[in-house]
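Input: a single structure, listed below in structure tokens.
Sequence lines set the chain letters: A, B, ... in the order given, protein chains first and strands last, and positions in each chain run from 1. Side chains are part of it too, since the values below use all heavy atoms of this structure and drop only hydrogens, waters and symmetry mates.
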2 protein chains.
Amino acid sequence: MTARDELLDVIHEAIILFSRNARVRANNMYDELSFVAYTMLSYVGTFPHPTASDLAERYGLEKSTVSRQLSQLEADGLLRRVAHPSRPRTKLLELTDTGRACLAHVRQHQRKGLQERLGRWPDEDVETFSRLLWRFVTELD
Amino acid sequence: MTARDELLDVIHEAIILFSRNARVRANNMYDELSFVAYTMLSYVGTFPHPTASDLAERYGLEKSTVSRQLSQLEADGLLRRVAHPSRPRTKLLELTDTGRACLAHVRQHQRKGLQERLGRWPDEDVETFSRLLWRFVTELD
DNA sequence: GGTCAGAGTTGCGCAATACAACCTTGACAG
DNA sequence: CTGTCAAGGTTGTATTGCGCAACTCTGACC
């Protein structure tokens, strides 16, 4: 086993801890939103007027899954599905005011949590970590 | 919003992608093991003769969840629950030969996958990423 | 001897997800 | 003009992972 292999194993174990962790902490992210709910709201907040299919593609989910999640969010008054101006079967997603407020609130909360977690990290490490982590998650061909 | 806040937001979005990703890829990790199954086998492989409670604590899971997963693994012939020499109600976990082989196989596969994903990363970045990621996931007080 | 704590297991229910079947409507071939 | 098809979603059904609460043992301690 090469030195690089050992690094890969550390990364792999870290991924597992990471995922478990995320799953556990996910559902009390902030007790107004579940992990999935937040994920979707956040996407709509960042890329205005996406379709359900966009979401499905981005996160590798089934369209049925996305559909149901969106129904829930709509029922909760956090987003709307509005008709596409030209394509009739297509619906565009947009946040309601409540949704926007809720998102901002949770984001604030998240940022604070991360800040605490990285409290003693020097800026330089945070910068490096952010860059490498982002490269890692988007490195999918 | 400070520069650090922006980094935190990148990290946060990366975490989301990461988790979604992990969840999706998790279940066809290698079609012999589920994500949870692998997680537990791997732990037993690394820290010999743990108890179910050790697993629960490590991964922040309910003991009931762990118990059921272990039953499944035992039924599949991948591990055994053997009596603790002195504490009667306690059971120690150990891999069967099949379990060990299966674990080695999946690990090999994982390593290859990671290697491809990080193919063009210089050793130095892999080293840094490994170190920071590990620090991050274990930074939980 | 009676209560208690530790380690697990089981009953029950929920949430996220996939897969497959279906609906609706525009587009395009003949 | 009609028939087939693809795009975008929704609904039926089943599975999986998980938590909470109740329960079972069994040794320990007062």
Next on the checklist: Whole angstroms only, please: what is the CG-P distance between B:L79 and C:dG8?
Outcome noted: 13 Å

Item to check | Electrostatic pair A:R135-B:D125, nearest N-O below 4.0 angstrom | outcome: yes

Next on the checklist: Rounded to whole Å, please give me the gap between NE2 in B:H84 and P in C:dG6.
Outcome noted: 15 Å

Checklist outcome for this item: The side-chain hydrogen bond (donor to acceptor under 3.5 Å, both in side chains) partners of B:E62 (sequence neighbours excluded) come to none

Item to check | Side-chain heavy atoms of B:L78 within contact of B:L41, under 4.5 Å | outcome: yes

Checklist entry - Heavy-atom contacts under 4.0 Å between residues 64-75 of chain A and DNA chain D, which residues? => result A:S64, A:S67, A:R68

Next on the checklist: Once salt bridge (charged side-chain N to carboxylate O under 4.0 Å, His left out) is applied, do any residues pair with A:D5, and if so which ones, sequence neighbours excluded?
Outcome noted: none

Next on the checklist: Distance check needed: C:dA15 P versus A:D76 CG, whole Å only.
Outcome noted: 11 Å

Checklist entry - Would one find a side-chain N or O of B:S53 under 4.0 angstrom from OP1 or OP2 of C:dG8? => result yes

Checklist entry - side-chain hydrogen bond (donor to acceptor under 3.5 Å, both in side chains): which pairs involve residues 84-93 of chain A, sequence neighbours left out? => result A:H84-A:S86, A:H84-A:R87

Checklist entry - Are more than 12 heavy atoms from other residues, nucleotides or ligands located less than 6.0 Å from atom CD of B:Q115? => result yes

Next on the checklist: How many whole angstroms separate atom CG of B:L33 from atom P of D:dT16?
Outcome noted: 14 Å

Item to check | Protein-nucleotide distance (A:E62, atom CD; D:dT10, atom P), rounded to Å | outcome: 14 Å

Checklist entry - Mind checking what makes ring pair (Phe, Tyr, Trp, His ring centres under 6.0 Å) contact with B:W134, not counting sequence neighbours? => result none

Item to check | Interatomic distance, A:Y59 OH vs C:dA18 P [rounded to whole Å] | outcome: 15 Å

Item to check | B:Y43 six-ring centre to B:R58 NZ/CZ under 6.0 Å and within 45° of normal | outcome: no

Would you tabulate the nitrogen or oxygen pairs shorter than 3.5 Å linking the protein to nucleotides 21-26 of chain C?
none

Next on the checklist: Nearest whole Å is fine: how far is D:dG8 P from A:D54 CG?
Outcome noted: 9 Å

Item to check | Nearest non-hydrogen partners of B:W121 and A:L132, listed with the distance | outcome: CH2-O, 3.4 Å

